[in-house]
Structure formats: C-alpha cells, structure tokens
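Everything below concerns the one structure shown next.
Numbers here are sequence positions counted from 1. All values below come from the heavy atoms of this structure, side chains included, with hydrogens, waters and symmetry mates left out.
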Amino acid sequence: MPDTSRAGQLPGLAGPPGGPVERRATGRAATAAVMLVLTPLHGLALLVALLAMESWDASGRGVPFRACTADSVSCTGPNLPMIAGGILVVLSCVAVAVHAGMRTGRLPPRWRHRGFLACIAAPAAALGDTVAALLLW
C-alpha cells in the first residue's frame, strides 16, 4: 500500500502542517512585521545618532549642524551619550523583533535561530527606514 501520511502536502516539505518549516516561516514573517511596525522608533533613533556624530558651531553665528572652521569661536564635538543611546534603541528594537519571531514561530532557544532572525530584522529595518525617508522627503 502507498504511504498516505503525507497526502496533500507540497513535495519537499517534511513533517505535518505546523511543523518546523512552517514555524520558521512564521517566525521570520513576525520578525519582519515587528521591525516594520517599529520603523518610526528605530528610524528616529538612527537619525539622532547620525546627527549626534557631527560637530557644530556653538557660537550662535552659524547653522546648528555645520562643521567647525578655523574662524569659529566655540565648537562642540560628537555627543557620545546621544550616539550610544540611539544605538541602544536600535539594538533594542532588533531584540524585541527577534523575541517576537521566536515566540510566534515557537522556535527552540538556540543562538542560530536568534542570529538568523536578527539577519531578517536588519533588511526589514533598512527597508522601512528607506521608505519612510523617501515618503518624508
């Protein structure tokens, strides 16, 4: 008699519905969705970190974010606490998205799953930030 335990499934997919393949796909989709939902938060944090890396003329005679020149009276350098805060917010968004993907996909707590979901979160964040920047520009 033929084996009918896999009847109705796509060829190449192992296991019953809701098995490891479907759970991994659900976890990936949840990670990308959470990163896209968090786009305003990590986009703003990235913008704050990028603006804090510049030095500007603090004398009040120039625009706030122009580089200091030799004739400037007072210059300020990069704001390291703001840079660290922006990076921490972006990493926290990635951690929240990875956690949501792990929970939604019911994946076992292994570093390879977390690493793979973090690799899914980075392009989703870049895509969300790029689309948001293009829409606001």
Side-chain angles (χ1 to χ4, degrees):
M1 290 194 75
D3 183 21
T4 59
S5 62
R6 291 189 177 176
Q9 291 185 10
L10 296 173
L13 292 179
V21 173
E22 289 85 5
R23 288 195 321 242
R24 285 193 298 262
T26 304
R28 292 174 191 153
T31 300
V34 168
M35 280 307 286
L36 289 176
V37 167
L38 293 176
T39 294
L41 183 63
H42 63 76
L44 183 63
L46 183 63
L47 181 66
V48 165
L50 289 175
L51 289 177
M53 288 181 194
E54 295 290 327
S55 59
W56 57 86
D57 183 6
S59 66
R61 291 184 295 200
V63 292
F65 296 107
R66 76 178 172 112
C68 295
T69 59
D71 61 337
S72 293
V73 176
S74 174
C75 291
T76 58
N79 189 346
L80 296 179
M82 288 293 283
I83 295 170
I87 292 172
L88 186 64
V89 168
V90 171
L91 290 177
S92 298
C93 289
V94 170
V96 166
V98 167
H99 181 71
M102 294 286 290
R103 298 278 302 202
T104 303
R106 298 184 316 246
L107 298 172
R110 295 191 182 120
W111 284 106
R112 67 182 168 141
H113 294 300
R114 290 184 183 110
F116 189 76
L117 291 178
C119 290
I120 297 289
L127 177 70
D129 290 340
T130 302
V131 169
L134 289 175
L135 290 176
L136 293 175
W137 188 26

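Within the structure, the side-chain hydrogen bond (donor to acceptor under 3.5 Å, both in side chains) test picks out the following pairs touching residues 115-136 (sequence neighbours left out): H42-D129. The side-chain hydrogen bond (donor to acceptor under 3.5 Å, both in side chains) contacts involving residues 85-103 comprise nothing, where partners must be two or more places apart or lie in separate chains. Counting only residues at least two apart or in different chains, side-chain hydrogen bond (donor to acceptor under 3.5 Å, both in side chains) contacts with residues 24-39 are absent.
Taking every heavy atom of both residues into account, M102 and R110 meet most closely at CE-N, 4.3 Å. Considering all non-hydrogen atoms of both residues, L41 and C93 come closest at CD2-SG, 3.7 Å.
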Please report, to 0.1 Å, the donor-acceptor pairs under 3.5 Å made by any side chain of residues 80-91, with sequence neighbours excluded.
none

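Under a 4.5 Å side-chain heavy-atom criterion applied to ILVMFWY residues, the cluster that includes V131 comprises L127, L135 as well.
Every side chain to side chain contact (heavy atoms under 4.5 Å, CB included) that V96 has, sequence neighbours left out, goes to V34, L38. Applying the side chain to side chain contact (heavy atoms under 4.5 Å, CB included) test to A49 and every residue at least two apart in sequence or in another chain returns nothing. Under the side chain to side chain contact (heavy atoms under 4.5 Å, CB included) criterion, A124 pairs with A32, M35, sequence neighbours left out. Applying the side chain to side chain contact (heavy atoms under 4.5 Å, CB included) test to A33 and every residue at least two apart in sequence or in another chain returns nothing.
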